[in-house]
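Both ligands and their constituent atoms are indexed starting at 1 by order of listing.
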Amino acid sequence: MNDLEHLAIIMDGNGRWAKRYGKERSYGHRVGAKNVREITKYAAKMGIKYLSLYAFSTENWNRPKTEVAVLMKLLEKYLKTEVSVLKEHNIKFTVIGDISKFSHSLQKEIHNAKEQTAHCTGMTQVVAINYGARDEIIRAINEATKTHQILTPEILENHLDTAGMPPVDLLIRTGGDCRLSNFLLWQAAYAELFFTKTLWPEFSFGELEAIVSEYRQTERRFGAVISE
Ligand code: FPP
């Protein structure tokens, strides 16, 4: 049975879900944000140590300005309202990505959520915002080469936004597309990948449980040969 320390999710399909019900895309994002709360609580109950969620990529700035504004507002609201829920469930909050591009008030809420949950010892919820793996790797190389002439995987890892976190064991993408979209490319090198057609607002505990149980049975070889 495989351990599951680090679960990563690409939460895709909010827009299509809203359209299906004749609603605006922003409605899909709002319902998607509610599902973040539910799946986070459930993942913590399952004993997962790190849950990484792709909320806003470095490429998402190319969406219509109104949609970007909705996502920023949602993130800020989420941080304001969810801190107490995270604390209640002993969940530590952190972010990956370059947050220097965000408004002062959003950055303040991010720091506040990190500070308020710093003592929590259960699961860590890692929200990826203004995150792109290529951007993260380049930032890490630029930082690491200030002090090291030759890089090793360990040195690079210590400069990634995920420094100190275990590699991704299982990566799930909702919404039907089979691609990684620049999410945790280094950390997911040996992750098991699961793609589901379910749109994020409808992704349920039941489906998570089914995927996790299939993952636990998978033979992970990490490039080696398992002796019979
Ligand atoms: C992809 O759906 C989803 C996003 C780009 C944003 C994800 C954001 C949330 C789930 C809500 C906010 C997050 C937090 C942590 C509060 P899409 O818009 O690409 O959907 P589509 O593929 O159907 O168009």
Hey, does Gly13 sit under 4.0 Å from ligand 1 if you only count heavy atoms? yes
Counting each atom of ligand 1 from 1 as listed, which ones have a heavy atom of Arg63 under 4.0 Å away? 5 (C), 17 (P), 18 (O), 19 (O)
Quick one: does Asn60 get within less than 4.0 Å of ligand 1, heavy atoms only? yes
With heavy-atom distances below 4.0 Å as the criterion, list the atoms of ligand 1 near His29. 11 (C), 18 (O)
Closest approach of any protein heavy atom to atom 21 (P) of ligand 1, naming residue and atom: Arg16 NE, 3.6 Å
Heavy-atom nearest neighbour in the protein, as seen from atom 6 (C) of ligand 1, with distance rounded to 0.1 Å: Ala55 O, 3.3 Å
Atom 10 (C) of ligand 1 has as its nearest protein heavy atom Asn14 ND2, 3.4 Å
Tell me whether Arg25 reaches ligand 1 (any heavy atom closer than 4.0 angstrom to a ligand atom). yes
Smallest separation among heavy atoms of Met123 and Ile48, with atom names: CG-O, 3.2 Å
Which option, Pro201, Gly176, Ala33, owns the non-hydrogen atom nearest atom 12 (C) of ligand 1? Ala33
On a heavy-atom basis, the closest approach of Ala128 and Phe183 is CB-CE1, 3.7 Å
Are Arg37 and Thr81 linked by a side-chain donor-acceptor pair shorter than 3.5 Å? no
Between the side chains of Thr162 and Gln187, is a donor N or O closer than 3.5 angstrom to an acceptor N or O? yes
Give me the residue, atom name and distance of the protein heavy atom closest to atom 20 (O) of ligand 1. Gly15 N, 3.0 Å
Identity and separation of the nearest protein heavy atom to atom 17 (P) of ligand 1: Asp12 OD1, 3.6 Å
Which residue and non-hydrogen atom of the protein lie closest to atom 3 (C) of ligand 1, and at what distance in Å? Met11 O, 3.1 Å
